[in-house]
Amino acid sequence: AAPQNLTAVGDGDRIELGWNANAEPDLAGYRIFRGTASGGPYSQIAQVRLVTSYRDRNIVGIFFYRIKALNTSGQESPFSNEAWAEAIND
């Protein structure tokens with residue numbers, strides 16, 4: 001299933017992402033994607049294990065995020081909702 005309730009909050013030169021955990025028994029982690037415009041295109045910036053948060057650091061500007069769940073066979077879910085925030089160089 002697609003990850004649910006992705007949120008993004010700017011905090012200085014970083015953006016904090018959070019989402020609800022997927023419940024699939026074969027869940028391996030999540031792939032995190034970032035773009036500079038709503039609707040993409042998006043580029044993968046990270047892959048994390050079984051966590052429900054990510055800190056995108058040392059950035060400045062407005063960024064749009066989506067994530068995908070990844071199972072142990074390497075299959076990806078559909079994209080989550082889009083979330084965006086602004087990072088400001090303090």
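Excluded from the calculations below are hydrogen atoms, water molecules and symmetry mates; all remaining heavy atoms, backbone and side chain alike, are included. In this chain, numbering begins with 1 at the start of the sequence shown. Keep in mind the model is a prediction, meaning the values are calculated, not measured.
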**Request:** Please determine which of Pro78, Ser77, Ser80 meets the side-chain contact (heavy atoms from CB on, under 4.5 Å) test together with Lys68.
**Result:** Ser77
**Prompt:** By ring pair (Phe, Tyr, Trp, His ring centres under 6.0 Å), which residues pair with Tyr30, not counting sequence neighbours?
**Reply:**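 Once residues adjacent in sequence are excluded, the partners of Tyr30 under the ring pair (Phe, Tyr, Trp, His ring centres under 6.0 Å) criterion are Trp19.
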**Asked** Which residue pairs satisfy the salt bridge (charged side-chain N to carboxylate O under 4.0 Å, His left out) criterion with at least one member in residues 34-48, sequence neighbours excluded?
**Response**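 Residue pairs with at least one partner in residues 34-48: Arg34-Asp56.
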**Prompt:** Under 3.5 Å, side chain of Asn22 to main-chain N/O of Glu24, donor-acceptor pair present?
**Reply:**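 No, the answer is negative, given that no donor and acceptor are paired below the 3.5 Å cut-off.
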**Prompt:** What distance separates Ile62 CD1 from Thr36 OG1, expressed to the nearest 0.5 Å?
**Reply:** 10.5 Å
**Request:** Could you grab the distance from atom OG1 of Thr7 to atom CD1 of Ile15, nearest 0.5 Å is fine?
**Result:** 11.5 Å
**Message:** Please list all pairs meeting ring pair (Phe, Tyr, Trp, His ring centres under 6.0 Å) that have one or both residues in residues 41-63, counting only residues at least two apart or in different chains.
**Reply:** Tyr42-Phe79
Review item, side-chain donor-acceptor pairs of residues 45-53, under 3.5 Å, at least two apart:
unit_1 : atom_1 : unit_2 : atom_2 : d
Gln47  : OE1    : Arg31  : NE     : 2.9

**Prompt:** With Gln4, which residues qualify under side-chain hydrogen bond (donor to acceptor under 3.5 Å, both in side chains), at least two apart?
**Reply:**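 Residues passing side-chain hydrogen bond (donor to acceptor under 3.5 Å, both in side chains) with Gln4: none at all.
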**Request:** Just jot down the salt bridge (charged side-chain N to carboxylate O under 4.0 Å, His left out) partners of Glu16, sequence neighbours excluded, or say none.
**Result:**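 Scan of Glu16 (salt bridge (charged side-chain N to carboxylate O under 4.0 Å, His left out), adjacent residues dropped) gives Arg14, Arg55.
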**Request:** Might you point out which heavy atoms bring Glu76 and Leu70 nearest each other, and give the distance in Å?
**Result:**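 Shortest heavy-atom separation between Glu76 and Leu70 comes out as CG-CD1, 4.1 Å.
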**Request:** Identify the heavy atoms of Asn5 and Asn81 that sit nearest to each other, and give their distance.
**Result:**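 So the two residues come closest at N-OD1, 3.4 Å.
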